[in-house]
There are 2 protein chains.
Amino acid sequence: MTAPPSRQIARELRGQIDRGELVAGDKLPSERVLAERYGVARNTAREAIRLLADQGLVTAEHGRGVFVRGKHRLLRFGAERYARTLRESTGLSPFRAEVERQGRVPSVNCVSIERVTPSAEIAERLLIDSDVETVVRRENWYFADDEPMQVGVTYSPWSIVEGTPVADSAKMGKGSLYARFEEVGHAITTIREEVSARMPTPEEAHGLKIPDGVPVLEVVHTGCDQDGVPFEVTVFVMRADYNGLDYKMPVED
Amino acid sequence: MTAPPSRQIARELRGQIDRGELVAGDKLPSERVLAERYGVARNTAREAIRLLADQGLVTAEHGRGVFVRGKHRLLRFGAERYARTLRESTGLSPFRAEVERQGRVPSVNCVSIERVTPSAEIAERLLIDSDVETVVRRENWYFADDEPMQVGVTYSPWSIVEGTPVADSAKMGKGSLYARFEEVGHAITTIREEVSARMPTPEEAHGLKIPDGVPVLEVVHTGCDQDGVPFEVTVFVMRADYNGLDYKMPVED
DNA sequence: TAGTGGTCTAGACCACCAT
DNA sequence: TGGTGGTCTAGACCACTAT
């Protein structure tokens with residue numbers, strides 16, 4: 001009932017990480033060194049490292065080595081990120097504010113604005129008929145220190161944003177998207193956020209430069225105005241090792 | 001610039017899943033069959049399957065085969081799970097209600113109640129000094145159809161729960177924990193939930209029977225009473241392929 | 001018992017990174 | 001250039017599941 005060699009090796013390495021003998025950024029012994037040290041084939045040492053990578057403890061970098069992953073402070077996003085006072089006091093988007101709070105350099109890049117027919121998932125949340133009404137799709141990428149952190153794709157009914165700055169990057173200006181919505185009569189008043197987690201698709205892993213063993217948080221956010229009308233749905237996909245959510249809510253009766 | 005064979009094979013299998021030629025529960029060809037079919041070594045076919053498992057698409061079962069994972073409907077938990085009206089109208093805990101809504105059989109098992117010294121993380125949220133005050137720790141396991149879904153560990157200051165049913169399983173009764181708290185003067189009024197996601201530890205993967213490639217959601221929940229006093233912190237760890245969160249909130253100014 | 005995945009060996013060549 | 005991880009081969013034995 002003794003564990004296979006690959007697990008033994010993984011356990012020893014894990015112990016060294018847990019005890020602080022190996023700390024964030026440290027390089028592990030190479031696969032070949034481990035293999036010789038433990039008297040196993042290289043593939044066995046490799047398997048041990050894979051077990052650690054699957055737990056999110058280490059990351060392999062081709063040609064460089066295997067490194068202990070750091071426990072990063074999470075960027076925390078809650079409902080207050082939509083508050084008008086935050087928009088007005090800082091002049092920063094909530095993402096920018098949170099990244100700067102940690103001494104990093106934020107940037108946001110709107111990569112596309114298109115008019116599309118919505119998926120059933122989106123149409124349902126916007127209370128529109130996907131056979132009849134189209135939506136504007138805005139795709140934003142969020143970076144900290146030029147590292148990609150999140151992708152957010154916002155959908156709004158064409159009937160709401162037609163002719164407004166929201167549908168046109170040239171007129172968008174620097175401020176918050178929600179300030180623009182408010183100017184055209186939709187002040188964000190209540191939100192719904194549906195949160196789940198999963199492993200990234202290969203495309204997401206590539207685009208967000210997510211190492212192996214790191215899941216993503218997916219947040220389907222719906223914003224409703226002062227009349228309870230849903231006017232935008234945003235699907236966020238964020239690296240779970242850098243991002244978290246922090247909600248404070250009253251408990252309704 | 002052509003992809004390695006293992007990725008090619010993974011891509012083909014993934015295509016079959018995406019196109020619905022292989023659906024949830026279907027068995028993939030065995031590693032040996034794949035190897036022969038594609039003219040590669042068994043390890044190469046195995047690597048292809050591992051790539052799919054890492055994306056959460058398939059699960060290997062020792063001695064049985066490799067199976068396409070289903071896209072399960074998520075159990076959705078929001079702030080309303082703490083509402084008194086829900087407690088009173090259904091007589092069910094929110095977990096039970098949500099599981100039954102999907103036609104499955106819920107069960108909850110309180111495995112331990114202990115008096116312990118809190119970690120810094122817990123003490124901080126309960127606004128107590130971990131050097132002075134102790135807490136009661138209740139560990140609950142949640143099942144649907146005898147499959148483990150979540151673990152929840154609740155911490156409450158000893159000064160609040162001393163002598164109450166919350167600190168004593170014998171006196172606990174069937175109803176909700178929050179009903180018991182309310183009886184001793186702490187009605188849950190506002191909550192804070194800090195959400196993150198990560199890969200499970202080996203212990204969690206084993207205890208919750210989580211297949212490879214499935215992350216966990218970790219929710220640190222703090223409950224505050226009518227006076228704003230935090231009286232319990234619960235740390236939930238839930239399989240992310242079966243559980244999600246659904247919050248509706250007003251946007252504060 | 002036959003078939004499956006889990007693990008391992010002892011090599012090999014390639015792609016990438018730093019020097 | 002030498003060292004690293006990435007991938008592959010062609011075997012082997014073990015552990016588990018089903019019949």
Side-chain angles (χ1 to χ4, degrees), chain A residues 1-14 17 22 25-69 202 205-206 209-214, chain B residues 1-14 17 22 25-69 202 205-206 209-214:
Chain A
M1 186 40 212
T2 154
S6 58
R7 290 169 193 263
Q8 295 269 12
I9 297 168
R11 225 179 93 252
E12 285 210 26
L13 290 171
R14 188 167 188 209
I17 294 171
L22 286 169
D26 281 2
K27 189 160 168 285
L28 265 58
S30 80
E31 296 174 350
R32 288 160 178 91
V33 168
L34 284 174
E36 199 188 1
R37 182 178 301 172
Y38 288 93
V40 297
R42 185 186 151 205
N43 272 355
T44 304
R46 186 174 171 77
E47 174 67 14
I49 286 171
R50 158 155 256 159
L51 290 169
L52 298 177
D54 283 350
Q55 296 164 42
L57 293 173
V58 302
T59 303
E61 294 184 36
H62 196 167
R64 299 220 313 131
V66 177
F67 300 87
V68 178
R69 279 247 295 281
H206 182 255
K209 299 204 180 85
I210 304 177
D212 286 350
V214 176
Chain B
M1 186 43 209
T2 153
S6 57
R7 289 169 193 265
Q8 296 269 10
I9 297 169
R11 224 179 94 254
E12 285 209 26
L13 291 171
R14 190 172 185 206
I17 294 171
L22 286 169
D26 282 1
K27 189 159 167 285
L28 264 58
S30 79
E31 296 172 350
R32 288 163 177 87
V33 168
L34 284 174
E36 198 189 3
R37 184 178 301 172
Y38 288 95
V40 297
R42 185 187 152 206
N43 272 355
T44 304
R46 186 173 171 76
E47 174 66 14
I49 287 172
R50 164 155 257 160
L51 290 168
L52 298 177
D54 283 351
Q55 296 164 40
L57 293 173
V58 302
T59 303
E61 294 184 33
H62 196 166
R64 299 220 313 133
V66 177
F67 299 86
V68 178
R69 278 247 296 281
H206 182 257
K209 299 206 181 85
I210 304 177
D212 286 350
V214 176

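On a predicted model such as this, the values are computed, not experimentally measured, just so you know. So that the names make sense, note that chain A is the first sequence line, chain B the second, and so on, each numbered from 1.
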Heavy-atom closest contact (K27(A) atom, R64(A) atom, distance)
CE-O, 2.9 Å

Where is the tightest heavy-atom contact between G56(A) and R69(A), given as atom of each residue plus distance?
O-NH2, 3.2 Å

Does T44(B) place a side-chain N or O at less than 4.0 Å from the phosphate oxygens OP1/OP2 of dT7(D)?
no

Residue mapping more 5' on DNA chain D - nearest nucleotide basis, I49(A) or A41(B)
I49(A)

Does E61(B) form a salt bridge (Lys or Arg N to Asp or Glu O under 4.0 Å) with K209(B)? I'd like the steps, not just the answer.
CA-CA 12 Å; E61(B) 294 184 33; K209(B) 299 206 181 85; over 6 Å; no

Can you find a side chain N or O atom of S30(B) that sits less than 4.0 Å from OP1 or OP2 on dT4(C)?
yes

Between R32(A) and R64(A), name the one whose nearest nucleotide on DNA chain C is closer to the 5' end.
R32(A)

Atom pair distance, as rounded to whole Å: NZ in K27(B) and P in dG3(C)
11 Å

What's the CD-C1' distance between E36(A) and dT9(C), to the nearest Å?
16 Å

If every non-hydrogen atom of A35(A) is compared with every non-hydrogen atom of A45(A), which pair is closest and at what distance?
N-CB, 3.8 Å

Can you check the N43(A) CG to dG11(D) P distance for me, whole Å?
17 Å

Quick one: is dG5(D) close enough that its OP1 or OP2 comes under 4.0 Å of any side-chain N or O from R42(A)?
no

Euclidean distance, atom CZ of residue R46(B) to atom C1' of dG5(C) [Å, nearest integer]:
6 Å

Please give, in whole Å, the distance from dG5(C) P to E47(A) CD?
16 Å

Please report the distance, rounded to the nearest Å, between NE2 in H62(A) and C1' in dC14(C).
8 Å

Do Q8(A) and Y38(A) meet the criterion of a side-chain donor-acceptor pair at a distance under 3.5 Å?
no

Figure out the CD/C1' separation between E31(A) and dC8(D), and round it to whole Å.
14 Å

In whole angstroms, the gap separating P of dG5(D) from CZ of R50(A) amounts to 14 Å

Does L28(B) or P4(A) map to a spot on DNA chain C nearer the 5' end, using the closest nucleotide for each?
L28(B)

